Amino acid sequence: MNKIILNKIDVQQKKIIYSYSIEGNLKKYFKNKNKYSIKYEYDLSSVPIGILAIPFVANVLPIVWLFNAELYIDSLDYNFYESIDEIKKAYIKMYPQLEFLGKIIVNNKEKNYYSGTKKGLFFSGGLDATSTLITHYEEKPLLINIQGSDLSTYYKKVLKKVKAYLSNVAKDFNLDITFIKSEFRTIIKEKVVTKYFYEQVKDNYWHGFQHGIAIISHGAPIAYIEKLDLIYIAASYTKESLVPCASDPTIDNRVILSNTKIFHDGFELDRNAKSQNVVNFINNYNKKIKLRVCYEDYRVENCCSCEKCYRTIMNFCAKDFDVKKVGFNLTEKNFKKMENDLKNRIIFTTSDKAYWTTIQNEFNLHPNLKKDIRFAWIYDLDLNNINNNKIKKIKTFIYKNVRRIKKIVILIMNVLGSDNDD
């Protein structure tokens, strides 16, 4: 029988260390370790053990369901435990082609209670999160950033720079921010799990199953200490996109962290609407906003040459807005490179095509921009045949492998160049 057993939760002031064991065939989907840690900026000694267990449980729940495993926990918060069945139903509805089985065995279901009116917001500095911040700016939410999610904790020097950058954003908005450093992505062999289910879902494990509840659950100890009644998490997609994703309102809004609810924010807005939200805020409040959206996750500054950077740049250009005001320093050469890369190097996913269709539609509402040499090409970009280029596939292959090598080199430099873990 496949089993996951949470043997011990060790609290060392601001750090949680989870000790666990894996039994059965499930072992091949986990890395060869039996511990991982999460570091907060709070003293965790007053947090009930059942709340401290939430991040571990949420991190492995999809594995439990997909591989019909048994999860054993000594103590777990009662309200979170009660929400698990509703979360599971949401996964079943999203992926009807799969079976979601397994059991969660809890010895002690803790009934914890706290009340407050303060809000929290998971914040990365990207367009989605920034739009949510702007929408709820008057509520003065506590910003929460998880290091170890999109950016590995091994990139120590980069993490320090990102932390400084996000701290400055919080300061500009006169908000508090707290950072979490988590090893939660270091225990599961994501590629092996992805391979097992890929033919049925055409997606990877992280995006399709894990990241939503795994990220949200990290907020449980903070919610208890700060007495948050609600935490926002920004939508990556819109209700029109119909893209199956682990972070979706049908899942996220069913998660209850003890007495704290979750709200998946901005699902009604596409990226054009979110960029308009940013433009309006800058104009109304006379503030600078420096977005961090880059696919090159080891960078602090935007690379201005990946698909996600290009996409965000054009979201703002379609509004005839100066992209330098949101963190993109470009020249006319950059725009020429963008046109060439999109036509001859970058392979578009289904989601990419949807994003660029909305961008093209936005430009079509402003025909005057066609006179600008920087943007004329976007009006005639053939998105239906964007990938039909044999040379493009070769260039993409070379680019991806160069990027992998670059990441490895930078990772080594980061690890060797860091003198401490903070």
Side-chain angles (χ1 to χ4, degrees), residues 125-131 134 236-238 240-241 243 266 268-284 286-296 299 301-389 391-393 395-396 399 403:
L127 178 58
D128 299 324
T130 301
S131 178
I134 287 167
S236 298
Y237 297 105
T238 171
E240 306 299 332
S241 60
V243 177
E268 73 284 2
L269 305 175
D270 62 19
R271 285 181 75 85
N272 277 326
K274 289 174 182 177
S275 58
Q276 186 64 60
N277 202 13
V278 173
V279 169
N280 293 343
F281 185 84
I282 290 172
N283 291 336
N284 292 337
N286 195 27
K287 280 184 176 288
K288 287 185 178 180
I289 293 178
K290 193 175 180 182
L291 298 173
R292 181 177 175 270
V293 304
C294 194
Y295 267 145
E296 301 285 5
R299 297 177 63 102
E301 303 288 336
N302 296 309
C303 75
C304 298
S305 61
C306 68
E307 187 277 327
K308 197 173 180 186
C309 279
Y310 286 156
R311 180 203 315 165
T312 310
I313 289 164
M314 295 303 274
N315 282 137
F316 286 95
C317 287
K319 296 161 182 58
D320 201 13
F321 186 80
D322 183 2
V323 292
K324 290 180 181 178
K325 292 182 179 179
V326 286
F328 298 96
N329 295 314
L330 301 176
T331 65
E332 285 192 18
K333 286 184 178 180
N334 290 118
F335 283 98
K336 192 64 185 174
K337 183 177 185 300
M338 183 193 305
E339 177 186 358
N340 185 60
D341 284 349
L342 292 173
K343 289 180 177 178
N344 301 307
R345 178 178 64 79
I346 295 172
I347 297 293
F348 280 59
T349 65
T350 302
S351 297
D352 294 339
K353 288 182 182 180
Y355 287 133
W356 283 92
T357 298
T358 60
I359 290 170
Q360 199 172 53
N361 290 340
E362 181 83 357
F363 270 97
N364 286 330
L365 295 175
H366 304 280
N368 59 303
L369 292 175
K370 195 170 186 178
K371 298 174 185 176
D372 191 322
I373 193 171
R374 296 174 301 169
F375 313 132
W377 57 272
I378 189 69
Y379 291 87
D380 302 316
L381 188 65
D382 185 359
L383 291 167
N384 291 323
N385 296 297
I386 196 72
N387 292 335
N388 294 342
N389 183 331
I391 296 176
K392 185 177 191 178
K393 292 179 181 179
K395 287 183 176 180
T396 302
Y399 171 78
R403 184 178 174 227

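From a predicted model like this one, the values you see are computed outputs, not experimental measurements. Numbers here simply count residues along the sequence, with the first being 1.
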*Minimum heavy-atom separation for Gly126 to Val293, with atom names?*
CA-CG1, 4.1 Å
*Between Cys309 and Ser305, which heavy-atom pair has the shortest distance, and what is it?*
CB-N, 4.2 Å
So do the side chains of [X] and [Y] get within less than 4.5 Å of each other, counting heavy atoms only?
X: Tyr355; Y: Asn315; answer: no
X: Cys317; Y: Val323; answer: yes
X: Val326; Y: Lys290; answer: no
X: Met314; Y: Gln360; answer: no
X: Lys274; Y: Asp128; answer: yes

*asked:* Between Lys343 and Asp382, is the salt bridge (charged side-chain N to carboxylate O under 4.0 Å, His left out) condition met? List the steps.
replied: CA-CA 9 Å; Lys343 289 180 177 178; Asp382 185 359; over 6 Å; no
*asked:* I'd like to know if Lys324 pairs up with Asp322 as an ion pair, taking the criterion as any Lys NZ or Arg NE/NH1/NH2 lying under 4.0 Å from an Asp or Glu carboxylate oxygen.
replied: no
*Are Lys336 and Glu332 close enough for a salt bridge, meaning some N to O gap below 4.0 Å?*
no
*Begin with the C-alpha distance, continue with both residues' side-chain angles, and end with the deciding distance and a verdict on side chain to side chain donor-acceptor pair (under 3.5 Å) for Thr331 and Asn334.*
CA-CA 5 Å; Thr331 65; Asn334 290 118; 3.2 Å; yes
Given 3.5 Å as the limit, does a donor-acceptor pair link the side chain of [X] with the main chain of [Y], or not?
X: Asn302; Y: Leu291; answer: yes
X: Asn340; Y: Lys337; answer: no
X: Glu362; Y: Asn272; answer: no
X: Asp270; Y: Ala273; answer: yes

Distance from [X] atom [atom1] to [Y] atom [atom2], nearest 0.5 Å?
X: Ser275; Y: Lys319; atom1: OG; atom2: NZ; value: 3.0 Å
X: Ile282; Y: Ile289; atom1: CD1; atom2: CD1; value: 4.5 Å
X: Leu381; Y: Glu339; atom1: CG; atom2: CD; value: 8.5 Å
X: Ile346; Y: Asp341; atom1: CD1; atom2: CG; value: 5.0 Å
X: Trp356; Y: Leu383; atom1: CH2; atom2: CG; value: 8.5 Å
X: Leu127; Y: Thr130; atom1: CG; atom2: OG1; value: 6.5 Å

*NZ (Lys353) with more than 12 external heavy atoms under 6.0 Å*: yes
*For atom CD1 of Ile373, is the number of surrounding heavy atoms from other residues, nucleotides or ligands below 6.0 Å larger than 12?*
no
*Give the C-alpha distance, both sets of side-chain angles, the deciding distance and a yes or no for side chain to side chain donor-acceptor pair (under 3.5 Å) between Asn284 and Asn280.*
CA-CA 6 Å; Asn284 292 337; Asn280 293 343; 5.8 Å; no
*For the residue pair Tyr379 and Phe363, categorise the inter-ring angle as parallel (less than 30°), tilted (30 to 60°) or perpendicular (more than 60°).*
perpendicular
*According to the interplanar angle, ranging from 0 to 90°, do the rings of Phe375 and Phe335 count as parallel (below 30°), tilted (30 to 60°) or perpendicular (above 60°)?*
perpendicular
_Working note: Ser131 + Asn277, criterion side chain to side chain donor-acceptor pair (under 3.5 Å); need CA distance, chi angles, decisive distance, verdict._
CA-CA 6 Å; Ser131 178; Asn277 202 13; 3.0 Å; yes
_Aromatic centroids of Phe328 and Phe316 separated by under 6.0 Å_ = no
*So Asp352 and Glu307, side-chain contact (heavy atoms from CB on, under 4.5 Å) or not? Walk me through it.*
CA-CA 8 Å; Asp352 294 339; Glu307 187 277 327; 3.4 Å; yes
*Polar contact flag, side-chain donor to acceptor under 3.5 angstrom, Arg271-Thr358*: no
